[in-house]
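Some notes on the structure that comes next.
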Amino acid sequence: FPRCGVNGVVVSETVRRHVTNAGYLSYLAFLAIVALGVSRFNRPASMWPSLVAVLAIIAGSAPIGPEFSSGTLQLILVKPVKRWVYLLSRVAGVVLAVSIAAIVGGVFELAGRLAWGEVLAAPEIARATLNCFADATLTASLLVLLGSLTRAYFNAAIYLGTQFALGGTMAVFGMLRASGRDFSAIERGLAMVDNALFPEFPPRFDASWLTLVLLEAAIALTLACVAFRAREVPYGGD
């Protein structure tokens with residue numbers, strides 16, 4: 001894939017690491033069971049997209065972490081692969097692995113709904129699958145940005161900590177507002193940050209939402225490439 005800025009070998013190796021991992025395959029099986037099981041009892045795409053989002057965090061937390069920890073990244077980068085190409089290739093591999101999970105969830109839920117004669121759910125399931133792809137791209141991009149600045153696996157802790165901190169802070173300001181104090185400007189600012197970093201799926205197809213999410217992912221990847229370019233690559237453990 002030389003023209004799109006990724007290395008096919010790195011992408012395929014990243015995907016292979018996931019699809020041959022017992023934990024990943026077990027998670028896919030669990031996701032498929034959940035998607036099939038709730039197809040009769042809930043609205044379309046009500047549960048499995050959340051499981052895909054969790055997988056995106058798990059898979060995105062270590063796109064370069066193992067190579068830093070083992071020192072093998074030094075050997076990889078002496079090959080004719082530019083750092084930014086390597087980084088984008090890792091992200092592409094993670095997004096593809098997560099997208100496989102989204103497709104599995106969508107296919108199994110659709111199969112369950114078709115078995116019950118609910119054919120009108122197909123468009124909504126397809127939209128949810130597309131949203132999962134966009135959300136996985138943003139999640140992996142943010143995590144690889146944090147991973148380019150921190151030690152291995154600290155990126156997931158920062159990512160989740162920021163998400164919980166934003167939610168908790170908004171809840172505190174909400175309680176203060178209930179007591180008569182006005183913090184509406186701060187609440188709006190926090191909500192904008194929360195929606196930008198951790199966007200919720202729109203109820204229907206939303207081209208502006210998809211564009212915004214992919215634009216944020218592009219900005220995060222650009223910053224990640226700049227940070228990764230300047231980072232020292234150790235021979236030993238990070």
Side-chain angles (χ1 to χ4, degrees), residues 5-6 45-65 84 87-88 90-99 101-102 105 124 126-150 153-177 182-231:
V6 296
S46 59
M47 288 193 65
W48 59 264
S50 299
L51 296 176
V52 175
V54 172
L55 179 62
I57 297 174
I58 296 172
S61 64
I64 54 177
W84 68 271
L87 200 64
L88 295 182
R90 282 297 190 205
V91 173
V94 168
V95 172
L96 284 175
V98 176
S99 297
E124 191 167 350
R127 288 193 295 268
T129 304
L130 179 61
N131 289 342
C132 282
F133 171 80
D135 183 68
T137 303
L138 177 58
T139 299
S141 301
L142 291 173
L143 286 169
V144 80
L145 170 59
L146 295 172
S148 298
L149 300 169
T150 64
Y153 306 107
F154 282 15
N155 54 348
I158 297 173
Y159 181 89
L160 293 173
T162 302
Q163 187 174 20
F164 292 141
L166 283 171
T169 304
M170 287 190 293
V172 170
F173 279 113
M175 290 187 290
L176 292 175
R177 177 164 42 83
D182 185 15
F183 295 99
S184 56
I186 298 177
E187 288 183 79
R188 286 196 298 269
L190 291 173
M192 289 178 62
V193 174
D194 184 62
N195 289 332
L197 297 178
F198 314 105
E200 295 185 1
F201 285 6
R204 57 186 61 85
F205 177 78
D206 190 337
S208 60
W209 182 87
L210 288 172
T211 302
L212 179 62
V213 168
L214 295 178
L215 179 60
E216 291 173 352
I219 294 172
L221 286 176
T222 301
L223 295 175
C225 289
V226 173
F228 191 54
R229 182 181 180 182
R231 184 168 181 177

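Predicted model, so just to flag it, every value in this text is computed and none were measured.
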#### Entry: Partner residues of L96 under the side-chain contact (heavy atoms from CB on, under 4.5 Å) criterion, sequence neighbours left out
V11, V15
## Note on the structure
Sorted by chain and number, sequence neighbours left out, ring-ring contact (aromatic ring centres under 6.0 Å, His included) with Y159 holds for F198
### Query
About how many Å separate CZ of F164 and OG1 of T169, when rounded to the nearest 0.5 Å?
13.0 Å
### Summary
One should read off an interatomic distance between S50 OG and L55 CG, to the nearest 0.5 angstrom, of 12.5 Å
### Task
Decide side-chain contact (heavy atoms from CB on, under 4.5 Å) for V144 and L221; before the verdict, give the C-alpha distance in whole Å, the side-chain angles of both, and the deciding distance to 0.1 Å.
CA-CA 8 Å; V144 80; L221 286 176; 3.8 Å; yes
### Query
D206: what forms a side chain to side chain donor-acceptor pair (under 3.5 Å) with it, not counting sequence neighbours?
S208
### Summary
A59 and V98 have their tightest heavy-atom pair at CB-CG2, 4.2 Å
### Task
Show the numbers, then the answer: is there a side-chain contact (heavy atoms from CB on, under 4.5 Å) between L138 and L197?
CA-CA 8 Å; L138 177 58; L197 297 178; over 6 Å; no
### Query
Are the side chain of S61 and the backbone of I58 linked by a donor-acceptor contact shorter than 3.5 Å?
yes
### Message
Taking the side chain as everything from C-beta on, heavy atoms only, tell me whether L87 gets closer than 4.5 Å to S148.
### Response
yes
### Query
What distance do D135 atom CG and L210 atom CG have between them, rounded to the nearest 0.5 Å?
10.5 Å
### Message
Going by the rule side-chain contact (heavy atoms from CB on, under 4.5 Å), which residues pair with A102 if we only count those two or more places apart in sequence or in a different chain?
### Response
W48, V52, T129, C132
### Summary
The side-chain contact (heavy atoms from CB on, under 4.5 Å) partners of L223 (sequence neighbours excluded) come to L145, I219
### Query
What pair of heavy atoms forms the shortest contact from L149 to A227, and how long is it?
CD2-CB, 3.5 Å
#### Entry: Given L142, L143, I57, the one that forms side chain to side chain contact (heavy atoms under 4.5 Å, CB included) with N155
L143
### Task
Indicate the atoms forming the closest heavy-atom contact of V95 with A140, along with that distance.
CG2-CB, 4.2 Å
### Query
Is the shortest heavy-atom distance from the side chain of V91 to the side chain of T137 under 4.5 Å?
no
## Note on the structure
Residues at least two apart in sequence or cross-chain that pass side-chain contact (heavy atoms from CB on, under 4.5 Å) with T211, listed by chain then number, are none
